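Keep in mind it's a predicted model, so treat the numbers as computed, not measured. Chain A is the first sequence line, chain B the second, and so forth, proteins listed ahead of strands; every chain is numbered from 1.
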Amino acid sequence: MAKVRVRYAPSPTGKPHIGNIRTALFNWLFARHSGGDFLIRIEDTDRERFVEGAIETQLHALKWLGVDWDEGPDIGGPFGPYYQSQRLELYKERAEALIASGHAYRCYCTKERLDKLREHQVERGLPTGYDRRCRDLPAEDVARHEAEGTPYVVRFAMPREGTVTWTDAVFGEMSWEARILDDHVLMKSDGFPTYHMANVVDDHLMEITHVIRGEEWLPSTPRHVLMYQAFGWTHPVFVHATNILGKDRRKLSKREASAEFLNYERDGYLPEAIFNFMALLGWSTGEDRDMYTREEIIERFDLPGLVGRPAILDTDKIAWYNGVYIRALPLTDLARRGLPYLQAAGLVSGTPGDAEIDYIGRVMALEQERIKTLAEAPQLADFFLLDDDKYVFDEKAVQKWFRNEGAADKLRRVRERFESLSDWAAAGLEEIVRGVAETLEIKPAEVIHPVRVALTGRTFGPGLYETIEVLGRDRSLRRLDRAIGLIDSLV
RNA sequence: GGCCCGGUAGUCUAGCGGUUAUGACGCCUCCCUUUCAAGGAGGAGAUCACGAGUUCAAUUCUCGUCCGGGCUACCA
């Protein structure tokens, strides 16, 4: 059996969409599972929609996900070039060959006539499609057009009858009547090929064995099968992965934040979490498991596991995956990966010293189990990083724990004993706090809560004693003073 | 309108003629606990879209209906 060769063929018309990247992931997984090749081909045949920088972001998205390629626009390969805009001659030759063999013809119809034709068809509720006017043009008309240099497109001469059949790896036996297919355009008047043409020619020339692509291509697959037949080539295995839908059950629009793949990087999701999640969206191992390493997924990936129904993107589940992966991160990794987010929020300088790095590591250790995305780090940990006179007291927290009889007294007692504590560690700190409660004959919580608000400004967060330990003696005392001052000013 | 593909809890899914219909996310309760998380133990949630067939037996096979999605460009 021939070596598996698959491709991801983005068109540089915008930012990467999660559906496309998932398709790329499926291709890559299949290649790596089968020991085959995965290549990237840029389908830049639409000159009007080309977006500057789009190719770079596509490649960046794949790199971030950990998907690599064996051949592609940036690294070349034996089947290049990998830009369709650089393969124009190839398509032109094949188009001529198709015309010569009677499988294609030149069409001189104007855009205006085509528009009018469509309008007419829609009005009458007829199926839309080209009416084949140029298919059997008298020789003298053709000669005249050639003499006048009339612009033309090349159209595929669709068989007038018969049935096209093939087997889709996801949907099974497929059968279409050729009769309902119109003569689609192969070459545009600007000399560029259409998707159909470039795709079929390149997939054949690049020896692609499996075409794993989005479900939206299913209806044009019979055209492709017929083209392979006209060329005398065998077609690859077609694999149509279903679309990803939004919460409204509609195809995830590019406008939605969850659709734009790079948002996950920006928002602090870990690529390994996204990888795990995406592989399992529309594909299943058949096991009762949700957590898989990259290697385990490669090992299990196969075509029969592809699910034949569109999936709705569940952002809650992505967040859950991310939390699991963050909790599993070694501390140094977590600190390193969270650092840029802290810096972006202005909480850490651009060039932190060793002591600062060490401190951030200890902070992240305390926040690790409650962080869902790295982007949340600043808002969860800001009080650790802000100056002692800058961290913000939450209004409700102050209301609940500071506006009562004895609040300042509790803090003063705690402060006094903190000051004389010799070993600044969680155990000793706890002893003091509980000791104060005992002295005052109140529940520990009655002391714990105001102390937390005093030191962090809020009512929630990591364990109090660990928090105080990390904050350190000087900062803790300063903060207690600040809180006592605040309470006094309230009265 | 025409053609095509789907339809198992709110969501992702297992299932491939006979199961108490699988696991997970989310939701709820309890435990742990100084809070928030995390963790542990439970729970609610599915007439397997609906209606006919085939069969001793249908979530599983067939057909119809309904619903959802996709395509219907000199865009991919």
Is A:Trp176 touching bases, backbone alone, or none of the nucleic acid, heavy atoms closer than 4.0 Å? sugar-phosphate

Gap in Å between the two P atoms, one belonging to B:G7 and one to B:C63, rounded: 14 Å

Taking the side chain of A:Ser284 as heavy atoms from C-beta outward, which of B:U13, B:A38, B:G6 is closest to it? B:U13

Collect all protein-nucleotide pairs involving nucleotides 20-22 of chain B in which both atoms are nitrogen or oxygen and the distance is under 3.5 Å.
unit_1 : atom_1 : unit_2   : atom_2 : d
B:U22  : O2'    : A:Asp288 : OD1    : 3.2
B:U22  : O2'    : A:Asp288 : OD2    : 2.3

Below 4.5 Å, heavy atoms only, C-beta onward: do A:Ser11 and A:Tyr195 meet side chain to side chain? no

Given B:A38, B:C74, B:C12, identify the nucleotide with an atom nearest to the side chain of A:Ile312. B:C12

Testing B:U34, B:C4, B:U8 for proximity to the side chain of A:Arg309, the answer is B:U8

Inter-nucleotide C1' distance (B:G70, B:G53), Å rounded: 30 Å

Report yes if a donor N or O on one partner sits less than 3.5 Å from an acceptor N or O on the other, where the partners are the side chain of A:Ser189 and the base of B:C74; otherwise report no. yes

So which nucleotide from B:C36, B:C5, B:A24 ends up closest to the side chain of A:Phe460? B:C36

What nucleotide, of B:G26, B:C75, B:U34, holds the atom closest to the side chain of A:Asp46? B:C75

Using distance alone, with no hydrogens and no angle criterion, decide if A:Ser85 and A:Asp44 have a side-chain donor and acceptor under 3.5 Å apart. yes

Between B:A38, B:G70, B:G26, spot the one nearest the side chain of A:Arg327, thanks. B:A38

So what's B:C32 paired with, Watson-Crick or G-U wobble, going by both distances under 3.5 Å? none

Just N and O in the side chain of A:Lys317: are any of them under 4.0 Å from OP1 or OP2 of B:U13? no

